Amino acid sequence: MSTDLAVGPTGSFVDGEWVEAGEHFAVLDPSTGGVLAEVADVGPEVARAAMDAAARAQAGWAATSPRERAAVLRAVHDRLLERTESLATLMSLEMGKPLAEARGEVAYGAEFFLWFAEEAVRLHGSFGPSPSGASRIVTSRRPVGPVLAITPWNFPLAMAARKVAPALAAGCTVVLKPAELAPLTSLELAGLLAEAGLPDGVLNVVTTTRPAEVTGPLLGDPRLRKLTFTGSTAVGRQLLADAAPRVLRTSMELGGNAPFVVLEDADVERAIDGAMIAKLRNVGQACTAANRFLVHESVADAFVDGLADRMAVSVVGAATDPATDVGPVISAPALEKIAGLVDDAVAHGARVVTGGRRLDGGGFYYAPTVVADVPETARIAAEEIFGPVAAVSTFATEEEAFQRADGTEFGLAAYVYSADLDRALRFAERLETGMVGVNQGVVSDPAAPFGGMKASGLGREGGPTGIDEYLETQYVAVPRARP
Ligand code: NAD
């Protein structure tokens with residue numbers, strides 16, 4: 001495995017070329033607060049050039065055989081795995097996830113390329129008689145066309161892979177706009193796709209600190225056919241409004257407020273194991289992160305004490321230090337927000353069991369924290385924490401747990417713990433939530449449909465239906481053959 005990478009390319013990538021800009025923006029290493037790289041801060045004219053390239057490349061890419069597209073995607077999968085160490089290091093540096101988790105993200109991101117390489121050759125239509133017998137119904141599927149993909153900073157490789165891999169498999173070209181806080185991995189990915197044989201213009205990457213100004217004109221461009229966005233619900237709402245005039249196809253992977261429900265018959269140790277993952281994975285900065293721990297009052301003390309003991313011994317440190325369990329959060333404002341949520345919870349009567357403070361060390365560190373007795377009136381019960389803070393409150397009945405778990409406008413992920421699988425499944429099936437972990441603290445799987453209900457999004461990524469987001473269906477009516 002190669003480990004020879006510093007920060008890789010820092011220009012935008014348009015039509016197979018690296019594009020520099022007069023202006024640059026700094027990407028910080030959250031572990032130190034220092035500048036990691038200066039990246040080209042491009043304006044609308046470069047986005048327009050990227051759109052031109054994607055539009056020019058569309059017909060040629062759509063005309064390649066599914067096998068050719070699959071071969072490129074498989075080559076990308078292999079190259080990603082070969083470069084696990086260098087890519088994992090880059091992700092740790094640019095967004096602060098611990099190295100072991102970054103390696104896991106390379107494997108997870110690479111798997112989307114393999115999964116969609118396999119899906120590319122199964123884009124089947126159908127043929128059959130109409131119910132009246134008067135005609136034949138023939139359906140086929142075709143690429144929707146050029147795609148604008150906008151991604152967040154928290155999973156720099158996986159969020160891009162989950163969009164780029166199915167789009168390319170379907171035969172679509174892409175303009176990718178990664179988050180300005182962590183754009184380097186997307187640039188590295190673009191270079192790697194080019195090496196793997198992707199033709200110029202099929203994937204373009206635009207780096208900017210002015211996302212609305214740069215992507216806005218693309219949403220009005222008649223050549224764009226699809227917007228796929230992962231990020232906050234607030235920005236998703238705005239983009240849906242911006243996409244409405246052209247009735248653009250949209251997929252939205254938005255914010256969450258996941259409940260983690262521990263029923264009274266749950267195996268508490270197992271629930272604590274799951275909570276450690278559902279809370280601390282990615283330093284709590286996952287849309288699927290457990291945000292509200294709802295624990296039956298009869299097991300609450302055991303759960304809170306056990307979780308606090310485990311959190312208290314987690315090693316906090318620089319993301320690239322192999323000893324680190326919990327890295328920094330992404331930025332100074334994120335740290336500020338987390339501290340504010342904990343302070344507000346305490347002001348509302350919550351009790352800090354462990355942590356509850358920022359840590360020194362130059363970067364943006366917050367101690368792994370458990371706050372118990374969190375009242376529903378505290379902001380932390382309603383807002384995404386996006387940090388290593390577990391907010392716990394208790395319930396007395398299963399119905400109360402359900403009402404509180406489901407009583408939010410979000411519906412991305414939920415977790416339910418019970419020794420009785422039927423009971424856990426019943427609970428899960430009542431929830432208006434796109435994904436539910438039963439007795440486990442992770443739901444993400446490239447082979448499963450990832451996405452949310454209600455204000456958590458539209459559409460699903462990955463799984464057997466992930467490619468549908470990038471396909472149009474055409475139906476042709478053919479008269480029945482005369483006897
Ligand atoms: P964000 O909404 O601030 O930014 C996401 C992306 O949108 C970035 O690339 C940003 O530059 C861009 N953007 C912001 N304003 C824009 C505008 N007006 N026009 C066009 N682009 C714009 O989110 P974030 O802070 O990067 O990520 C965290 C959020 O993402 C959390 O809410 C999290 O839950 C959510 N998220 C959801 C999923 C999911 O699959 N549902 C996955 C990861 C993260």
Side-chain angles (χ1 to χ4, degrees), residues 25 27 30 39 41-42 44 47 94-95 97 105 108-109 112 148-163 175-183 185-186 205-220 224 227-243 248 250-258 281-291 329-331 333-334 337-338 383-387 408-413 433-435 443-446 448-463 466 469:
F25 61 93
V27 177
V39 171
D41 194 358
V42 306
E94 76 168 330
M95 64 69 59
K97 73 178 63 198
E105 183 173 345
Y108 176 57
F112 285 103
L148 171 62
I150 302 178
T151 51
W153 50 265
N154 59 348
F155 291 92
L157 179 67
M159 296 302 100
R162 225 159 63 176
K163 299 181 185 308
V175 177
L176 169 65
K177 198 217 74 66
E180 52 273 42
L181 289 169
T185 305
S186 290
V205 184
V206 175
T207 50
T208 183
T209 54
R210 294 165 281 158
E213 193 190 321
V214 167
T215 61
L218 300 192
L219 296 176
L224 188 76
L227 166 66
T228 172
F229 171 75
T230 297
S232 59
T233 295
V235 173
R237 282 196 172 106
Q238 182 58 51
L239 288 172
L240 279 170
D242 297 345
L248 209 53
T250 54
S251 306
M252 294 278 147
E253 296 285 349
L254 307 178
N257 181 4
R281 178 168 162 259
N282 218 36
V283 200
Q285 304 165 114
C287 51
T288 52
N291 212 53
V329 297
I330 184 69
S331 65
K337 180 188 169 190
I338 294 160
E383 292 180 30
E384 261 186 313
I385 303 168
F386 251 54
T408 133
E409 69 164 334
F410 298 103
L412 189 64
T433 300
M435 300 172 285
V443 290
S444 307
D445 186 330
F450 190 106
M453 297 184 189
K454 301 192 284 187
S456 287
L458 299 169
R460 294 292 180 269
E461 290 191 326
E469 306 285 338

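Residue numbers start at 1 and run along the sequence shown. All ligand and atom numbering here is 1-based and tracks the order in the structure. For clarity, every value in this text was computed on a predicted model and none was experimentally measured.
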Heavy-atom side-chain proximity of [X] to [Y] below 4.5 angstrom:
X	Y	answer
M159	C287	no
M95	N282	yes
V175	V206	yes

Note to self: Under 3.5 Å, is there a donor on one side chain and an acceptor on the other for T185 and E94?
What the structure shows: yes
Notebook entry, point to check: Does any donor atom in the side chain of K163 or T230 lie under 3.5 Å from an acceptor atom in the other side chain?
Noted result: yes
Note to self: When you measure from atom 41 (N) of ligand 1 to the protein, is at least one non-hydrogen atom found at a distance under 4.0 Å?
What the structure shows: yes
Note to self: If we only consider heavy atoms of R162, is any one of them less than 4.0 Å away from an atom in ligand 1?
What the structure shows: yes
Check: Going by heavy atoms, is P178 under 4.0 Å from ligand 1?
Finding: yes
Checklist line | Which atom of F386 lies closest to which atom of N154, heavy atoms considered | finding: CZ-ND2, 3.6 Å
Quick test: of every protein heavy atom, which one is nearest to [atom], and how far off is it to 0.1 Å?
atom	value
atom 31 (C) of ligand 1	E384 OE1, 3.4 Å
atom 39 (C) of ligand 1	C287 SG, 3.2 Å
atom 11 (O) of ligand 1	E180 OE1, 2.6 Å

Next item on the list: For A179, counting its heavy atoms only, list the atoms of ligand 1 lying under 4.0 Å from any of them.
Entry: 8 (C), 9 (O)
Check: Can an N or O of T230 be found at a distance shorter than 3.5 Å from an N or O of ligand 1?
Finding: no
Regarding [atom]: of the candidates [options], which has the closest heavy atom?
atom	options	value
atom 43 (C) of ligand 1	T233, I150, L412, N154	N154
atom 33 (C) of ligand 1	F386, F410, F155	F386
atom 8 (C) of ligand 1	L148, T151, L218, D242	T151

Check: How does L181 reach ligand 1, by side chain, by backbone, by both or by neither, if only non-hydrogen atoms under 4.0 Å count?
Finding: neither
Item checked: Region of Q238 that comes within reach of ligand 1 [heavy atoms, distance under 4.0 Å] -> neither
Margin query: Under the rule for side-chain contact (heavy atoms from CB on, under 4.5 Å), what residues qualify as partners of L254, not counting sequence neighbours?
Written below: F229, T233, M252
Item checked: E105: partners by salt bridge (charged side-chain N to carboxylate O under 4.0 Å, His left out), with sequence neighbours left out -> K97
